[in-house]
Structure formats: C-alpha cells, structure tokens
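Comments concern the structure below.
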Amino acid sequence: MIKKDTFDKEKFKKELESNVRMLFRRKLEEATPQQIYQAVAYSVKDDIIDNWIETHKAYEKQDKKMVYYMSMEFLMGRALGNNMINLLCYDDVRETLEELGLDLNLIEDQEPDAALGNGGLGRLAACFLDSLATLGYPAYGCGIRYRYGMFKQKIENGYQVEVPDNWLKYGNPFEIKRDEYAVEVKFGGYVDVEMHNGRQKFVQKGYQSVRAVPYDMPIVGYGNHIVNTLRIWDAEAINNFNLDSFDKGEYEKAVEQENLARTICEVLYPNDNHMAGKELRLKQQYFFISASVQRAIAKYKETHDDIRKFHEKVTFQLNDTHPTVAVAELMRILVDEEGLEWDEAWEITRKTCAYTNHTIMAEALEKWPIELFSRLLPRVYQIVEEINRRFVIEIQNKYPGDQEKIRKMAILYDGQVRMAHLAIAGSYSVNGVARLHTDILKKRELKDFYEMMPEKFNNKTNGITQRRFLLHGNPLLASWVTDKIGDDWITNLDHLKHLKVYVDDEKCQQEFMNIKYQNKVRLAKYIKEHNGIDVDPRSIFDCQVKRLHEYKRQLMNILHVMYLYNEIKAHPDMDIVPRTFIFGAKAAAGYYTAKLTIKLINAVADKINNDPSINGKIKVVFIEDYRVSNAELIFAAADVSEQISTASKEASGTGNMKFMLNGALTLGTMDGANVEIVEEVGKENAFIFGLSADQIMEYEKNGNYNPRDVYNNNQDVRQVLTQLVNGFYSPENPELFRALYDALLEKDTYFTLLDFDSYKEAHNRIDAAYRDEEHWARTAMLQTASAGKFSSDRTIEEYAKEMWHLEKVTL
Ligand code: Z2T
C-alpha cells in the first residue's frame, strides 16, 4: 500500500482483522481503540519493513558517507500519522477505516507521544531526521531509549504536578530490538598499563559495565521509499549472575551492575536550557555515546579495512555539548583499540566531529567536576587531559605569554571539564542555530575561539518539517495550498511563495480565514473538553506555547493580561477586539519561579474567565500537558504567535516558524530566528517591539538598568505589580506571588519591566490591525507564503552540502 494508486482497501481491511486476531485474540468489532491503534500500526510497519531493508542495502552497496546525529533528545511525538503521511497512504487508510465505522483521528489519539526530549532541541532533532530521510541522505539518529520520557503535566489547583510518562506501557509497535548489535559500556575502576609487543597499552580494570542494546525505529522519507533509522539504546545487566555464588564480592558487584543497568535509561532529565550536573546524567551521556561510537566503528570495519579513512565515510553531529564525550571516546577507541598514534587519531577525530551550539544561557553551559568525571570515566579522562595539554600548547604558540587566553580557553580549568571547549577543540565545525545567535557566538560568547579558528564557525538557521506541522497538523490548509499551487511545497517549501499572487484576492482571503476559523473551532472544542472553558472562535487566538523559562517571559505576557483586565474594569465600555490568551508550558520540576508563573497564569485565568462583568472580552486558557500532538492543533488555530524572549537569549526558536507556516502573525522581539522571519515577511507584517540584542547586552555590560525607575514612573506597571502582592489573584494567600514581585523589582534579569510599554503598544497595534479583516487576512496568508525558508529540508541541505559533504542515495 505504499503508493496511492496501488492501495488495496480490501487487503488492508483483511490485514487489520488478522492483526487484531493475532495480537489480541479478538474480532475487530470487539477490539478496544488502543487495540485497533496497535493493529493499524502493525499494518503500517509491515509496509515500512521492505523499504527499510532495501534502504540499508543501498547504503551499503553505494558506500556513501553517513551522518550520525548524536542527541540526548529526540522529541518525536506520534509516529502513526506521520508514517502514513510519508508513505502517501494517509487518506486511503482514513477512508478505509471510515468504511469500517472507525475514526482515524481517534485511533491516532491512542498513541502516546514519544516524548524523549524537552523542547526545541529535541524537536529539532526529530525534524532533522524527517528531512534527512525525505532528502535521501544516509543518516542515523543515536539516542537513549528512556523508560520514562518528558513528564506528563497535570494542573491541580492551578499548580503543575508532574506525572511519570509511561510511554512504553502498551508496547511500541514501531520499534525493533537489535540484540545482535549489543555492546558493553564500562564505568569506573582504574587504568592499568600493560605491555603488548613492546607497546604500552592502557587497560580499564575493576570497572562496572552494562550491556547497551539498541532499539531501532523507522524514519520514513516522504514518498521516496527511503527509511532511515533512529537507534535508541537501552541498558541491560551484563551478567545473569549465578545465584549459587557464595563469593560475597562477586554477588555485590552483580547486584550493583543490575542497578546500574536499571537506572541509566530510567528517565529523561526534564531541564531545558539548564545543566543538572548529576552523576547519572554523565553516565547517560557516556552510555549512549560509547555504544553509538563502538557500533559506528564496527559497522565501518565490516566493509572497510583502513580506519585512517573513517572520516571519509562517517560524520558525527553533536547536538549541543551533551554528546561531546564522543570526541574523547573516539580517540580512546582509535588509540587504545585500533592502535593508532595520537596525531593520526586526533586528525581523524577532528575530521569526524562537528558541534552545534543551542544557547548562550550561562546556566546551560556544561561543566563537569574533574573529580566526578575522572572517577566515572578514568581512561576517557586521561585522554581529555592529553587533549587539553596539547590544546593549551596550541594556544600558547598562537598567543605567547598570554595567560589570560589559557584561563579563558582551556578545556580543563578550575577543577572542571568544560564540555563546549572540548567540543570546539575536537570538531571541524562549530555552528549556531540562527544568524543573530551565530553572530553573538562569534562576537561575544566564543570570541576567543572564533579568533583562533575562524574557519570552524558557521551558521545553520533552524527549520521545521512541513510534513508534520502543515500536512499532518493542518489538513484543511494543506489541501487549500495544494489546490492553489500544487503539492510541490511538501518537499520544496520555497514553492509557498507562489501563494503571494493570491494575497489580495478577496475570495482567497475568505477561504484562508475560513480555514483558520474551522481550526479555531477544533481547538475550542479541545479546550472545552480539557479545560471546561468556553472560548469564542471569533476572538483573536493569541498563543504562547513553549517551555516555561524566565528568559521567554511568559510573565510579561500574563502581566499584560492583568493590565488589560484592569483597563476593562476601569473603562467598562472600552472597545477592544475579544482576545483569547492561550498558554502552554511545562516547567522543569525544580524551577521554582517557573512553577509559580504557571500558578499565576492559572490564577489570572480563574479570575478573568469567571468575571461576567467583562462580557467575555478576554479569556485566558492554560493548556495542560503541552506536547507535540496538541501543539499541532494550536499552531493551526493561532492568529497571534508570541515570541517575546529578551533579545539575545533565544538562540533560534522553532515554534515561531510553526506558527508562521500556519498563518499566525508574529508578536515578537528581534531575537533568534524572529529576525529572519521578519526579513522574509517584511517588518510591516509583524508586530515587533522591545530592546534590541545590542541594547540588552549593553545594559548587561554596564549594569545600569534599574527596574525601580520603571516602577516609579509607570502607573500601569505599578498597579499590576501591586496586584501580585495584595491578594488580588490570591485572596487566601496575598503573599503567594511575592517571589515574582521581588524578582522583577530587585533585578529584573530579563528586562520585563523595561520592555513592558513597548509590548503593550505592540498589542494595541494588533487590536487595531485585526479590525481590518481584509488586511489581516492578507497578512496572515502572507505569513504562510513567506515561510519557505524555514523548512528543515533547507537547513539539512545546508548541513549536508556545507559541512557533512554527504551524497544522496539512489534507490
Ligand atoms: C533547548 O531546547 C534549546 C537549547 C538548549 O541549550 C537546550 C535545550 Cl533543551 C543547551 C533550544 C533553544 O533554546 C532554542 O532557541 C532553539 O530553537 C532550540 O534549542 C533548537 O536549536
């Protein structure tokens, strides 16, 4: 059923019935929705398998270079709908199920999201895999098969409660365990030197180890029969130890190793843009990297005999510094196991690894205490020491006598291993994720490294896959676009620009806005079901969905809502376009201020939504458990996309692109990829406000911003701030939001108060603009028409051509 014209409905029905019988001993009529989901998934998998085998045969035969995308996170979301879309059988399956009285949407809803990621970084990895397969590039995603992914969020009494995400409970129909590729990964112990044929050999002894076992998930390319692989590693205990053993030491070690295996893959660390610094996290990093690198080398050696040419066939892309131990692990294997000289090994390593930086937030910078690092990875640490020793010499040669340079650039310093420095030293490429971000890396954060090795630095502006975020997430708009300009946009998003001839066409404007309206009705229904709140689909849907972080300034958004509410109360006849403010955000479990902000949003929502005197002019909705699957509904329904980070702090953002693709107008600062979005759509077609990155960085340098000045001079700001501490939104505990109040008045690290007036004024512009229906429709359509650049297909082509030098496979 791979091709539209060969889909056989009756055959599919038979398969489905047979799957339900074999898997659950049931007739289709008796099967639960979950069982039907499983049965449909197995039918789809059946269609994937042959292509999967053929793809890998072709890779082997054509012997093309392969990228290994190394990432602690892959935020895949649901697989079923996406796979059917890319197999070109989505509509056929939907119709066939309809004939059986089954609703495909409800069946898709049975699948848990594969939430093996926090936010942008993890979702970017997922979009990249989709694009790599669609473009026909040989690629593996390498990661961890967390037993529990990103926690599920419940809202209780307005507070976030974290619930474990048992995503594997009913099994994962798409994964295949590959026991034959299991490898051993060693931790701890000590390093011994042995002599082998007159040569020193370093051997790790007294270690604990686990068996790393890969599970493969298919990554289906769009309509091209290519199926790549996401390989996620699970840990198993290495020795099924002998219960007869009376050797106490052996027994204890066996139990410890069982525990180690159980804990390593247990759970994803739920921090976005923040380093946890836990020993278990470093174990996770080394676990999946050692396994992936060992496997990559073994695979290479199956068909090549000269390890010195490894980099000609393999490249490792390091998704932030989390996988950076790969630099040292590759060195270890090349030197200790392959017997190469240091210089040879180092050249191969530097030509194999490339590093992507995703943030300049200081608290996200990975630094491991040497004590911990060397205890856990004794041999790898020795190698890091030698890398550092040579790197310091390089610095000295370049800047003789400059101690300051060494202090700033060394890999080992102040009792810590600085992972970004290791990544830069060990890579042939260092890239940022949006033009502004890369410029800031070059000019400030990584200035010294840029000056020493400018040739390594480059930009790759992020992108998103239109297959999930338009074709699957917004079927109405997708088929409208195809009606207008054909379906080339599905694999070449630049084609969207052909929509520009329609932006002034009144009929097209009406069609476009009618689709937006229907998507708003769909979201309103979801909100009614999940929140019990009635929202008016004719109101402006103003959305901010992303991880909760102070730099993203959800607090500024809700403070502005509080201000608006005050205005409406003070002027009951005030003429404003009804607005629905929609939030969705998870806070890291230990991030107090973020959690308090969620409580504030919910407290404001309770008060405003239940105040009949404002006639429903504004509503506030907090969508519980924001994740990939419900994100698709939100992007499709949005009128306004809130991208309001403090300028310079958001490396790129990718939600901004998903909103744009779906016709939402951006309300944003000149930060991250917003800069490039505005460049594509035109400044007059976005609501831009706030201080620039340069201005922010200038204030930070001089330390001359005092939030109290704003407080003293701005009555509106004073009023909303006072309402944080006078019980207006928390009568039972007036002090509840004191911490937010203090953070704003004492430091206001993220310039919320300084940007507030400008933000307010931008909101006024939105209110005015929405009244001109035609002009709004035109501008909304223009967003979609201008989104071509932000396809992850474009991003991946840039990586493939400018960095990896990959060739496409031919099937
Ligand atoms: C993350 O999602 C991002 C950066 C990180 O730095 C960590 C995580 Cl978990 C270590 C985000 C950025 O904040 C965002 O601006 C960017 O669009 C995204 O990565 C993908 O590059």
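Predicted model, so just to flag it, every value in this text is computed and none were measured. Every number for a ligand or one of its atoms is a count from 1 in the order of the listing.
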(request) Would you mind checking if Lys586 and Asp625 are paired as a salt bridge, meaning a charged N to carboxylate O distance below 4.0 Å? (result) yes
(request) Specify the closest pair of heavy atoms between Gly663 and Gln783, including all atoms of both residues, with the distance to one decimal. (result) CA-CB, 4.0 Å
(request) Provide the number and element of each atom of ligand 1 under 4.0 Å from a heavy atom of Asp320. (result) 6 (O), 10 (C)
(request) Below 4.0 angstrom from a heavy atom of Glu650, which ligand 1 atoms are there? Numbered from 1 as shown, please. (result) 12 (C), 13 (O), 14 (C), 15 (O)
(message) Between Arg78 and Glu632, does any NZ, NE, NH1 or NH2 come within less than 4.0 Å of an OD or OE carboxylate oxygen?
(response) no
(message) Is there a polar contact, in the sense of an N or O pair closer than 3.5 Å, between His358 and ligand 1?
(response) yes
(request) Taking only heavy atoms of Ala651 into account, list the atoms of ligand 1 that are under 4.0 Å away from them. (result) 15 (O)
With a 3.5 Å cut-off and sequence neighbours excluded, list the donor-acceptor pairs that the side chains of residues 747-755 form with protein atoms.
from: Asp748; atom 1: OD1; to: Phe751; atom 2: N; distance (Å): 3.3
from: Asp748; atom 1: OD1; to: Thr752; atom 2: N; distance (Å): 2.9
from: Asp748; atom 1: OD2; to: Tyr705; atom 2: OH; distance (Å): 2.5
from: Asp748; atom 1: OD2; to: Thr752; atom 2: N; distance (Å): 3.1
from: Asp748; atom 1: OD2; to: Leu753; atom 2: N; distance (Å): 2.8
from: Asp755; atom 1: OD1; to: Leu691; atom 2: N; distance (Å): 2.9
from: Asp755; atom 1: OD2; to: Arg553; atom 2: NH1; distance (Å): 2.9
from: Asp755; atom 1: OD2; to: Arg553; atom 2: NH2; distance (Å): 2.9

(message) I'd like to know if Glu624 and Lys152 make a salt bridge, using a cut-off of under 4.0 Å between side-chain N and carboxylate O.
(response) no
(message) For Val640 and Cys543: C-alpha separation, side-chain torsions, deciding distance, then whether side-chain contact (heavy atoms from CB on, under 4.5 Å) applies.
(response) CA-CA 6 Å; Val640 174; Cys543 306; over 6 Å; no
(request) Report the part of Tyr551 in contact with ligand 1, treating N, CA, C, O as backbone and CB onward as side chain, heavy atoms under 4.0 Å; options are side chain, backbone, both, neither. (result) side chain
(request) For residues His805 and Glu802, report the shortest heavy-atom separation together with the two atoms involved. (result) NE2-O, 3.9 Å
(message) Please check whether Gly653 reaches ligand 1 - meaning an N/O of the residue sits under 3.5 Å from an N/O of the ligand, judged on distance alone.
(response) yes
(request) Write out the residue and atom name of the closest protein heavy atom to atom 3 (C) of ligand 1, then the distance separating them to 0.1 Å. (result) Asn273 ND2, 3.6 Å
(message) Closer than 4.0 Å to some heavy atom of Thr359 - which atoms of ligand 1 meet that?
(response) 6 (O), 10 (C)
(request) Please work out which of Asn118, Leu121, Thr321 has its closest non-hydrogen atom nearest to atom 11 (C) of ligand 1. (result) Leu121
